[in-house]
Amino acid sequence: MIKYISTRGGGQPRSAASAVIKGISEDKGLFVPESIPALPFKPGDMVGKPYKEVAKAVIGAFFDDYTADEIQACVDGAYDSKFEAEDVVPVVHAGGAYFLELYHGRTAAFKDMALSILPYLMTTAVRKEHEEKKIVILTATSGDTGKAALEGFADVPGTEIVVFYPSTGVSEVQKRQMTTQTGDNTHVFGINGNFDDAQTGVKQIFDDDAFNEKVNEAGCRLSSANSINIGRLVPQVAYYVYGYIKLIEKGVIKDGDPVNVVVPTGNFGNILASYYASLMGIPVKQFICASNKNKVLTDFINTGVYSTDRQFYVTNSPSMDILISSNLERLLYHLSGDPAEVKDLMEQLSTKGVYEVSDKIRKGMDKLSGGFADEQETLDAIAKIYDEDNYLIDTHTAVAWKVYNDYREKTGDETPALIASTASAYKFAADVAKALGMPEEENGFAYVKALEKKTGVPVPSGLKDLDKKAVRHSGVIEKDALRDAVLGSLK
Ligand SMILES: *Cc1c(COP(=O)(O)O)cnc(C)c1O
């Protein structure tokens with residue numbers, strides 16, 4: 001059985017089920033599998049198989065303490081008709097690349113890929129581990145995780161879900177999606193601060209032993225739906241494997257040929273999942289990490305120095321407005337192999353806001369390329385691919401496509417590329433409409449309608465009539481008041 005251990009070397013090794021419930025290790029490190037399982041099949045043998053088959057095999061290989069029947073039930077519950085696209089994840093050829101459309105779930109962003117299965121993995125884990133406490137899911141969101149987690153956990157027995165979002169750092173559509181959330185166990189708070197404030201606040205709560213004791217006394221236990229939870233990460237590995245199989249099926253590659261992957265990156269979770277897919281056996285030549293103007297990762301990849309000592313920008317790709325990419329810690333662990341080194345780097349980050357990695361880690365990063373797009377370049381990319389190929393992409397995916405084009409121009413590398421397409425254009429309708437030169441509208445919802453009229457691309461059901469839904473969660477709190485909000489949400 002694969003054990004899950006801390007990136008920082010402390011804490012207790014755990015089964016996957018126990019790591020999923022716990023969210024984060026006792027020593028504040030993130031759980032990583034002590035070894036990465038090999039693909040349980042030859043990709044070429046999976047051609048024509050449905051998404052669920054691939055997901056079952058990949059997730060089952062990592063979470064081998066779950067029985068095959070348990071994994072099957074989780075996958076069946078998650079990837080059903082909630083997904084509005086044929087076979088869950090369409091792979092679309094446009095703009096000289098292959099877009100892995102990950103946004104056809106209920107909340108119209110890729111976060112649904114993991115957050116529609118996490119509640120199943122979590123409730124199964126609770127049963128397996130005989131956990132008797134109520135699970136309270138704490139989530140910091142830059143806009144998309146919050147809604148996807150709320151949809152996933154709404155009215156799931158034995159859970160409460162509490163979400164914190166930056167009150168002025170998300171799009172109008174994203175905000176309304178969260179504030180109209182139904183379900184008796186859902187709690188949503190805007191905070192006066194940015195995403196890093198929300199994420200740091202939530203991490204501090206996890207680290208606060210006295211607070212956790214209080215929560216315990218109330219019969220509850222905290223867990224996380226952020227990508228620090230290994231139960232978020234592993235389901236994401238499946239779609240890179242699936243994308244690779246699709247490229248074989250389309251005749252773009254032969255089994256065993258390399259591909260490039262391009263991922264618009266914030267917390268480094270999605271791109272790390274592609275790295276896990278490669279460690280399982282999917283041949284990836286380059287991992288192209290795309291950032292917006294908050295280009296802390298681009299600079300890190302180019303220099304080996306990670307520094308948060310810089311201005312923070314609110315951009316038109318808000319789900320990537322992040323300076324502290326928490327999942328990078330997992331990559332550092334895999335490249336270093338030395339948890340003491342990771343612990344030291346993370347301590348430098350929290351005390352000084354900066355660290356520089358060793359030569360060993362630096363060498364391991366040779367398959368990682370970084371680039372960024374500013375806001376105008378993002379809009380230009382949306383216009384260009386729409387004009388040339390009649391293909392509609394959102395602002396985050398546009399960042400990725402622009403960075404990919406830069407990479408290709410610079411290197412001449414024509415290896416077929418999978419681009420993670422992370423959100424429906426309708427979630428960021430105002431900026432997408434602006435990119436397409438459309439006239440100004442009154443509000444975000446009017447842009448949704450106008451964009452549908454112009455492009456004919458159907459609006460995802462979850463985004464329809466959002467402006468007519470009742471707002472249920474209007475609270476905005478200070479960034480030092482998260483603990484009270486959590487305590488007030490326990491029942
Ligand atoms: C969350 C998100 C990202 C960034 O993903 P990470 O896993 O945090 O790197 C990119 N695009 C969209 C639309 C997102 O919601």
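Sequential numbering from 1 along the given sequence is applied to the chain's residues. Note that ligands are numbered from 1 as they come in the structure, with each ligand's atoms numbered from 1 the same way.
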Cationic N near anionic O, under 4.0 Å, Glu441 to Lys449: no
Donor-acceptor pairs are to be reported for all side-chain atoms of residues 86-97 against protein atoms at under 3.5 Å, with residues two or more places apart or in another chain.
from  : atom 1 : to     : atom 2 : distance (Å)
Asp87 : OD1    : Tyr51  : N      : 3.0
Asp87 : OD2    : Tyr51  : N      : 3.3
Asp87 : OD2    : Tyr242 : OH     : 2.3

Side-chain ion pair, Arg176 and Glu172, N-O less than 4.0 Å: no
Would you say the side-chain atoms of Ser25 pair up with the backbone N or O of Ser6, donor to acceptor, closer than 3.5 Å? no
Verify whether the ring centers belonging to Tyr244 and Tyr240 lie closer than 6.0 Å. no
List, for ligand 1, each N/O atom that has a protein N/O partner under 3.5 Å away, with both atom names and the distance.
from     : atom 1 : to     : atom 2 : distance (Å)
ligand 1 : 7 (O)  : Gly269 : N      : 3.3
ligand 1 : 7 (O)  : Asn270 : N      : 2.9
ligand 1 : 8 (O)  : Asn267 : N      : 2.7
ligand 1 : 9 (O)  : Gly266 : N      : 2.8
ligand 1 : 9 (O)  : Asn267 : N      : 3.2
ligand 1 : 9 (O)  : Phe268 : N      : 3.1
ligand 1 : 11 (N) : Thr422 : OG1    : 2.9
ligand 1 : 15 (O) : Lys111 : NZ     : 2.6
ligand 1 : 15 (O) : Asp144 : OD2    : 2.4

Taking Thr422 for the side chain and Phe110 for the main chain, is one N or O donor matched with an acceptor at less than 3.5 Å? no
